[in-house]
Amino acid sequence: PLGIAEGGALYFQVSPFFEWSTPQVERESASGCTRVTTSARGVELEPRTLDQQLLGIPIAGRALAEGERIEIVYGAGSAGARSDPYAEEASRFWCAVDGDGDGTRKLLADSPGGEVKPGPAAMLVATLTSTARAGETARLCVAVLDSRANAVTDCETELELLDVPAGLELPARITLRREDRGRITIEGRVTADGVHRIGVRALVGERTLETRSNPLHASGGPRIWWGDLHGHSSLSDGSGTPEAWFDYARNVAALDLAALTDHDHWGLLFLDEHPELWQRLVDVARAANEPGRFLALPGYEWTSWLVGHRHVVHFGDEAPLLSSMDERYDTQEELREALRPLRSLSIPHHPAGGPMATDWRVAPDAQVEPVVEICSAHGSSEALDSPRVLHSPRPKHFARDALLRGYKLGFIGSGDGHDGHAGLAWKGPHYPTGGLVAVLAEELTRDAVLDAFQKRRVYATSGPRILMRFALGRARMGETLAAADAQADTPLFLQVIAASPLETIEVIAGEEIVALPCRNELEYSASSALVPLQPCEFVYVRLIQLDVGMA
């Protein structure tokens with residue numbers, strides 16, 4: 001309403017987080033050419049590119065008055081403009097105003113937006129329930145994706161199920177209708193124990209797409225639930241709406257649990273300065289939750305550039321935002337003390353570096369920080385000798401280094417995806433890896449899942465749904481064993497059901513690494529003696545598939 005003073009400026013910014021063309025006025029034939037005009041006589045516009053994806057439009061000649069207009073045509077040249085490759089609703093074109101010319105600009109809350117559509121169908125994803133017992137129901141979710149793992153929401157086809165095993169009752173064909181928006185979940189009955197896998201084939205347009213599902217293990221063993229507890233939407237530095245993020249998590253990636261964790265103080269509008277945005281995130285998570293079917297949890301990323309990033313996940317009824325910029329919570333000790341009565345977890349992630357390493361000088365807390373995220377879209381932080389180490393690693397900051405300090409930590413994976421693809425960030429070409437957490441719990445409830453985390457009954461994968469069971473003597477995954485019970489004849493039990501053929505399985509015991517013969521196997525089971533462990537030592541298993549999927 002106050003217009004823009006002479007010497008003030010209007011700013012036009014497309015999302016700086018992905019692959020939009022930078023607006024520019026110098027070359028008509030180059031991508032992102034932008035035309036800026038006004039009908040206000042006497043107003044002179046001097047647009048110029050200021051930074052990546054940012055165009056400044058200083059106002060000269062006279063002030064721009066209330067009601068006068070500036071028209072911005074982005075992609076006005078022959079080359080158009082390159083859009084974000086990630087499909088999303090309400091993709092924002094941010095406008096900001098420096099009304100008085102003092103160099104400080106403010107974003108307009110009603111900045112316009114548009115929709116980015118998915119590309120053509122390029123792949124199928126078929127996801128089976130991972131664990132069940134004979135007589136129970138199992139779910140099969142099939143989704144049609146483009147080359148960037150966007151859900152192709154406008155397609156009709158017949159899905160043909162291939163090699164359906166005798167122990168799993170499913171129809172031979174499934175009709176995918178336009179109103180299904182490129183994804184469908186059906187239920188089948190498990191009739192016999194065993195490992196069940198199926199294939200799916202479809203003709204979409206002129207392309208025949210085919211895929212294999214993850215394994216379903218029908219047995220009396222512990223149930224395994226799959227989650228992605230770390231991701232970002234357009235409310236910080238990601239793509240897509242929070243509603244779309246949870247929809248993808250549940251109905252495309254077929255996750256059992258998920259938490260969207262936008263940054264407390266990063267992006268274009270900060271959550272810690274806009275409580276209505278934080279409330280929206282909490283409300284969306286609560287609305288997405290369906291007891292027994294899908295556990296949606298509110299969360300955020302505590303973004304400290306001093307001691308490392310953590311995502312905070314709330315399992316209780318209270319869900320406050322405790323910002324890393326608030327002096328009451330700007331250290332890891334202050335954060336965890338504030339979280340202690342809230343039934344919440346603080347989870348360090350990408351601890352080895354790229355973009356920020358974790359300060360391991362402060363010991364983690366067994367109640368609030370029982371686990372560390374070792375694999376995500378950034379790569380692996382497990383150990384320097386692991387495949388696909390994340391960028392800019394710092395020695396002595398890996399998860400194994402934390403164990404060598406004597407810390408008791410479970411390992412989890414989660415996406416840290418910024419593309420809206422919860423649970424499937426690893427399917428697109430943008431990231432070297434992804435991440436999932438496998439939770440061993442009998443029920444899919446807040447109480448049971450929180451208990452599993454606090455008991456470290458969890459493990460990490462880089463995205464594939466690899467089934468693992470592991471024990472040392474009487475100690476199950478995540479537990480401690482008395483030193484007197486860890487003798488040379490203490491049996492180590494390991495069972496692996498891989499998503500694709502194995503390359504290696506390694507047992508890491510203290511600083512010893514023992515390789516087990518498993519190449520090209522889909523399933524592996526062994527019970528053998530382990531070298532004696534010393535007090536404060538640890539043992540875990542690392543496996544790598546031939547396709548470089550890891551757990």
Side-chain angles (χ1 to χ4, degrees), residues 127 129-131 214 222-232 245-246 248-250 253-261 285 294-299 301 309-315 344-351 364 368-382 386 390 399 409-417 421-427 431 433-470 476-478 496-497 499 540-543 549-551:
T127 308
T129 302
S130 282
T131 56
N214 61 293
R223 298 189 190 275
I224 294 178
W225 311 99
W226 294 99
D228 186 344
L229 299 186
H230 185 189
H232 301 277
W245 193 92
F246 278 108
Y248 191 103
R250 171 179 169 159
L255 293 175
D256 301 304
L257 61 148
L260 174 59
T261 54
F294 181 67
L295 181 60
L297 300 162
E301 181 162 338
H309 298 184
R310 288 161 163 77
H311 49 289
V312 173
V313 181
H314 293 299
F315 289 79
S344 304
L345 296 180
S346 165
I347 304 174
H349 55 260
H350 49 68
V368 180
E369 289 186 349
V371 301
V372 56
E373 180 188 287
I374 66 166
C375 196
S376 70
H378 293 281
S380 172
S381 284
E382 177 244 323
S386 72
L390 84 177
L409 287 166
F411 288 171
I412 74 164
S414 279
D416 199 4
H421 300 158
L424 291 178
W426 60 288
K427 284 291 186 180
Y431 298 120
T433 56
L436 289 178
V437 54
V439 181
L440 281 69
E442 189 58 29
E443 298 177 332
L444 186 63
T445 64
R446 290 191 295 180
D447 289 345
V449 171
L450 177 60
D451 182 66
F453 271 87
Q454 291 177 333
K455 291 178 178 176
R456 301 179 295 273
R457 296 274 290 158
V458 293
Y459 65 91
T461 89
S462 61
R465 300 194 180 199
I466 302 166
L467 303 181
M468 298 179 68
R469 296 190 175 102
F470 181 48
R476 301 184 300 167
M477 186 186 300
V496 172
I497 303 172
Y540 68 89
V541 172
R542 172 175 70 193
L543 70 84
M550 301 181 289

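Residue numbers count from 1 along this sequence.
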Leu257 and Phe294, any side-chain heavy atoms less than 4.5 Å apart: no
Under 3.5 Å, is there a donor-acceptor pair between the side chain of Asp256 and the main chain of Trp226? yes
Under the ring-ring contact (aromatic ring centres under 6.0 Å, His included) test, which residues partner Tyr431, sequence neighbours left out? none
Is there side-chain contact between Leu467 and Arg469, with heavy atoms separated by less than 4.5 Å? no
Is there side-chain contact between His232 and Asp416, with heavy atoms separated by less than 4.5 Å? yes
Checking side-chain contact (heavy atoms from CB on, under 4.5 Å) for the pair Asn214/Thr127: CA distance, chi angles, key distance, verdict? CA-CA 6 Å; Asn214 61 293; Thr127 308; 3.8 Å; yes
Checking Thr131 now: which residues fulfil side chain to side chain donor-acceptor pair (under 3.5 Å) with it, not counting sequence neighbours? none
In sequence, state the C-alpha distance, the side-chain angles, and the governing distance for Leu229 and Thr261, and then conclude on side-chain contact (heavy atoms from CB on, under 4.5 Å). CA-CA 7 Å; Leu229 299 186; Thr261 54; 5.9 Å; no
Which residues share a side chain to side chain donor-acceptor pair (under 3.5 Å) with Glu443, sequence neighbours left out: none
Does Arg250 have any salt bridge (Lys or Arg N to Asp or Glu O under 4.0 Å) partners at least two apart in sequence or in another chain, and if so, which? Glu290
All side chain to side chain contact (heavy atoms under 4.5 Å, CB included) counterparts of Arg476, not counting sequence neighbours: Arg457, Glu479
Set of side chain to side chain contact (heavy atoms under 4.5 Å, CB included) partners for Ala285, sequence neighbours left out: Phe246, Pro298
So do the side chains of Pro364 and Leu409 get within less than 4.5 Å of each other, counting heavy atoms only? yes
Just by modelled atom types, is the Ala422 backbone N or O under 3.5 Å from a matching donor or acceptor in the Asp228 side chain? no
For Pro464, the side chain to side chain contact (heavy atoms under 4.5 Å, CB included) test, sequence neighbours excluded, returns Trp426, Thr461, Ser462, Ile466, Ala499, Gln545
Reference residue Val437; test side chain to side chain contact (heavy atoms under 4.5 Å, CB included); the match among Leu255, Ile412, Val449: Ile412
What pairs with His349 under side chain to side chain donor-acceptor pair (under 3.5 Å), at least two apart in sequence or on another chain? Glu301, His311
My understanding is that only one of His309, His350, Glu373 makes a side chain to side chain donor-acceptor pair (under 3.5 Å) with His230; could you say which? Glu373
For Tyr459, all residues meeting ring-ring contact (aromatic ring centres under 6.0 Å, His included), sequence neighbours excluded: none
For Asp451, which residues count as a side chain to side chain contact (heavy atoms under 4.5 Å, CB included) partner, sequence neighbours excluded? Lys455
Can you sort out the partners of Arg456 under salt bridge (Lys or Arg N to Asp or Glu O under 4.0 Å), two or more places apart, ordered by chain and number? none
With sequence neighbours excluded, residues passing side chain to side chain donor-acceptor pair (under 3.5 Å) with Gln454: none
